[in-house]
Amino acid sequence: MSEARRSGIRFEEVTVAYDGTVVLDGFDLTVEPGEVMALLGPSGSGKTTALRAVAGFVRPAAGRVLIGDRDVTGLPPHARDVGMVVQSYALFPHMRVADNVAFGLKARRTPRGEIAARVAEALEMVGMADYARRHPRELSGGQQQRVAIARALAVRPGVLLLDEPLSALDARLRSGMLAELDRLHRELPDVSVLYVTHDQVEALTLADRVAVMDRARLREVGTPEQLYRAPRRTFTADFVGAANLLPVVGAPGGTVRFGDARLKVASPAPSAGAEATLCVRPHRITLGEEAANVLRGTVTAVQWRGATHRVAVEVAGREVVAELPETAEPPAVGAEVPLSFAVRDGVLVDD
Amino acid sequence: MLVHSRKGRWAAWICFAVLFVPLFAVPLLVIVAASFATNWSGVLPSGSTVEHYAAATRGESLAALGVSLQTALLASVLALVIGTWAALSAASAARHGWVRRVLDALFVLPVAVPSVVVGLAVLVAYSRPPVAFNGTRWIVMLAHTVLVTAFAYQSVSAALARLDPAYEQAAASLGARPWYVLLRVKLPLLLPSLTAATGLCFALSMGELSATMMLYPPDWMPLPVQIFAATDRGSLFTGSALAVVLMAATSLVLFAVSRVRTRASYR
Amino acid sequence: MTETRPAATASPRTAPASTGPAAPAASASDTAERPGTGAAPPRTRGAGPSRRAGGSGLRLLWCLPPLLVLTVIFLYPLALVVVEGFRGGTGTYREVFASQAFTDALVTTVALAVGATVGCVVLGFVLALVVAFVPFPGSRGVARFVDVFLSFPSFLITLALLFVYGTVGMANGLWTGVTGAEEGPFRFLTTPWGVLLAEITYFTPFVMRPLLAAFAQVETGQIEAASSLGARPARIVRRVILPEAWPALMAGGSLVLVLCLNEFAIVLFTGAKDVVTLPMLVYSKAILSSDYTAACCVATVNVVLSVGLYALYRYVTGRAGRTGGTGRSSRRAGALA
């Protein structure tokens, strides 16, 4: 849309507590103008609280929230200039679609003539122009979702807050809406988006950067590739994609030792004798000895999963899982097999 | 289903009918039957007449219906305003838990206090200067307002508690100030509950007797008092006709309100 | 109608007795404005948290107008009743407490209320059980009928009973018709039993309402699971349904107890000279003998009794709102195996 108001979001040491329970603890994060930032974490990790602190529905016990260069910590929600879409959509049931979309404009006393044009524009953008006269109850979940987005965008907010916007949709609609959201953001490159989700696929698909949260704290921030390929923390490695997390010990020569095997990894190796955790993605492990790092063990389980075979191998008393392309002859349970992975696929992670 | 055998189910139903019909259905039917009867000394009433209704819809009795309707209308509207305002302000004071609890306790107190005592209290307080309401219609209306405000407060409070806060928050995030949210989102969404509350208050006020007996002046005699007066002097059949008029008026209002509600409910 | 009297609408919240600084010194200027408008803090940039606290304090002012109205029309009169009772010291109280009429009224009131409550709870439970779990064509109509019943005044029941059990009513008419006797045997209407019957009839729906709501929460899956495990209906009622409905039953019961303590119209319509309850005593002292001081004494006792019980009711319903999850009930189903 035309008015370019480039404003990011900044959390400065934001702490939120309910009845003595800290639900957000010293949260520090900057969302650049125009950036899509996903807050990813399990339920109770504080991600929704962080979003609600931006919207103004929770009041931080300490810290500041800035939108652009404006400190909004003490501002009531209506003065914050954000657009918000929640899981339940919260479309006003007593208003038609067009009136829902016009609500924010009317509340802000936008001139009448302008309202109609902007409502039409917003509905056009989400492909709901034909439904302007309907009531929300006459729409499907996906359509309600689009209207909710149009309603939030109609006021041309500098910041768009999306709280689990796709979790009420079924899987097929969800992937469609993901593509849609991606397109919308390309059309509105100046809007900063804070996207709360517990679904890693949504976060990895949509976000420029992902902030991984756990137990009221920020664990790690990075681009989807960074978090997936080279997570720095155990929690991230485990939560974003599947991971083999193996206890290793630093060995001489910049290597680590796992059981009897000496492995070369991409991360800087710990000093000799120091303990560390190695993360290897199951689908980066192959059967055989082609790659640099080789592990040997006994097959304990084989599962057929359609496109892949999931093979569990016991190595040095630990279970290592390999996600292999489906083969006609998977290894048999009890067989001794070699597994290998490349140097760049082994990453050391902190707790 | 709890009882699977056909026999058992019939036993349960018969047991239900034996208890329910004589206790709840028969009394109302009896009143209706009596209102058309000239005499009742056997199992069934004898003689049929509409004379009682003719009596019930003229003179004093008609006036009593008018008095009741006016009183109930005024009391329920006032109660709705006071109750809704109190419930809304109690809900918005959520951050101060004690304020909310105090309001809750004070506004439902009239439910716990015997109506007769409410009547006595109003009589004692407003029979002396500076406000001597005693012997006027206003003291009756005042007492009715007190009695039904508690129900209005409870209905609206319960409806507010059920209202999804997401609507209010979505509206606020779109830039709507609190009063705009109240007028455009909250009150419209509460409309079905508000009309229900009004209907309830109206019905309760229509049937109020206890406090009214303490307060009514000769020129402002509501229908229940008239019914009592009739039965007290032995005119049971006239009393029945008046009671049917009362029930019919109440039901009509409740029905009208429920129609408004269906139209107003969006989900 | 889905909203009815407190049985259904009382918010599940504990209400402590009316304490607290409900300062009625409201600024008169507030009453002139519309609700909600003052709660909007001005839109200022870069305001600190202190602003927000100010706005929330302002918000509290909106409680004052309705509170002021309530104080004028109800709280102040109620306080006057208590004060009036003490006019001339505690003499009137001593007199009232010493009188046989008061003692009789107190005993009658409590006995009637307890009896009626027990009757309502038992009857209401049985009837609600059938409506909810042995549904028949029209059982939903019964639920609606209960709603309508609740909105009618109580004295209609007494009026109807006069025709059913009165000296020349249905029952006696049937008796004299069958036996040829001069008079029928039913003449309990002007005794406490008549009042008891009327109160049970009128107040049973107050128990049924919350019970039907609670029964709607019991999962049919649980009952099916229990009966598939071979549990007989009586056992299912005892082990699955009753525990689930217990809070609602208690809540309905204590509400009925309070309402019975306060009931006046039913007693008035019975016209029995020997059934005098506390509200009846208040009425006769004030209106028939114009002894306002004594009326206020009796009223105070009645208020203390009812409000105390009502506080208990609110406490019970508050607890009922917090407990009663599905987790607990599914464990119940397991306990049957």
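Here is how names work: the chains are called A, B, and so on, in the same order as the sequence lines, proteins then strands, and each is numbered from 1.
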Identify which part of [X] has an atom lying under 4.5 Å from any heavy atom of chain C, answering side chain, backbone, both or neither.
X         : result
Thr84(B)  : neither
Val118(B) : side chain
Leu23(B)  : both

Looking at [options], which makes the most heavy-atom pairs under 4.5 Å with chain C?
options                                   : result
Pro114(B), Gly207(B), Ala25(B)            : Pro114(B)
Val26(B), Asp232(B), Leu123(B), Thr145(B) : Leu123(B)
Pro110(B), Ser251(B), Ala243(B)           : Pro110(B)

Next on the checklist: Taking side chain as everything from C-beta outward and backbone as N, CA, C, O, which of these in Ala295(C) sits under 4.5 Å from a heavy atom of chain B? Side chain, backbone, both or neither.
Outcome noted: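 Ala295(C) touches chain B through backbone and side-chain heavy atoms alike.
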Minimal non-hydrogen separation, [X] against [Y], with atom names:
X         : Y         : result
Phe152(C) : Thr250(B) : CE2-CB, 4.3 Å
Pro77(C)  : Val122(B) : CB-N, 4.1 Å
Phe145(C) : Phe20(B)  : CD2-CZ, 3.5 Å

Return the option, out of [options], with the maximum number of heavy-atom pairs under 4.5 Å with chain B.
options                                   : value
Leu159(C), Thr204(C), Val307(C)           : Leu159(C)
Val72(C), Ile157(C), Leu161(C), Val126(C) : Val72(C)
Val282(C), Leu197(C), Val82(C), Leu127(C) : Leu127(C)
Thr158(C), Leu123(C), Val303(C), Leu70(C) : Leu70(C)
Val81(C), Leu75(C), Ile73(C)              : Ile73(C)
Leu261(C), Leu78(C), Ile200(C)            : Leu78(C)

Item to check | Steps toward side chain to side chain contact (heavy atoms under 4.5 Å, CB included) verdict (Phe269(C), Ile227(B)) | outcome: CA-CA 10 Å; Phe269(C) 260 71; Ile227(B) 297 173; 3.9 Å; yes
Aromatic ring proximity, centroids under 6.0 angstrom, [Y] and [X]:
X         : Y         : result
Phe237(B) : Phe163(C) : yes
Phe228(B) : Phe155(C) : no
Phe74(C)  : Phe107(B) : no

Item to check | Donor-acceptor contact present, side-chain Asn302(C) to main-chain Val117(B), <3.5 Å | outcome: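 Side chain of Asn302(C) to backbone of Val117(B): no pair is present.
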Next on the checklist: Would Val69(C) and Leu78(B) count as a side chain to side chain contact (heavy atoms under 4.5 Å, CB included) here? Give the steps.
Outcome noted: CA-CA 11 Å; Val69(C) 173; Leu78(B) 282 178; over 6 Å; no
Next on the checklist: Check the orientation of Trp13(B) and Phe136(C). Use parallel for under 30°, tilted for 30 to 60°, and perpendicular for over 60°.
Outcome noted: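 It falls in the perpendicular class, over 60°.
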Are any of the side-chain heavy atoms of [X] and [Y] separated by less than 4.5 Å?
X         : Y         : result
Tyr310(C) : Val108(B) : yes
Leu120(B) : Cys296(C) : yes
Trp62(C)  : Leu88(B)  : no
Trp85(B)  : Cys63(C)  : no
Ser89(B)  : Pro66(C)  : yes
Ser151(C) : Leu204(B) : no
Val134(C) : Phe16(B)  : no

Output the distance between atom [atom1] ([X]) and atom [atom2] ([Y]), rounded to the nearest 0.5 Å.
X         : Y         : atom1 : atom2 : value
Tyr283(C) : Ser210(B) : OH    : OG    : 10.5 Å
Ile287(C) : Met213(B) : CD1   : CE    : 8.5 Å
Met214(B) : Phe264(C) : CE    : CZ    : 7.5 Å

Checklist entry - What pairs with Tyr126(B) under ring pair (Phe, Tyr, Trp, His ring centres under 6.0 Å), at least two apart in sequence or on another chain? => result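 Scan of Tyr126(B) (ring pair (Phe, Tyr, Trp, His ring centres under 6.0 Å), adjacent residues dropped) gives Phe133(B).
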Less than 3.5 Å apart, which donor and acceptor atoms pair up between the side chains of residues 27-35 of chain B and the rest of the protein, not counting sequence neighbours?
from     : atom 1 : to       : atom 2 : distance (Å)
Ser35(B) : OG     : Val32(B) : O      : 2.5
Ser35(B) : OG     : Tyr53(B) : OH     : 2.6

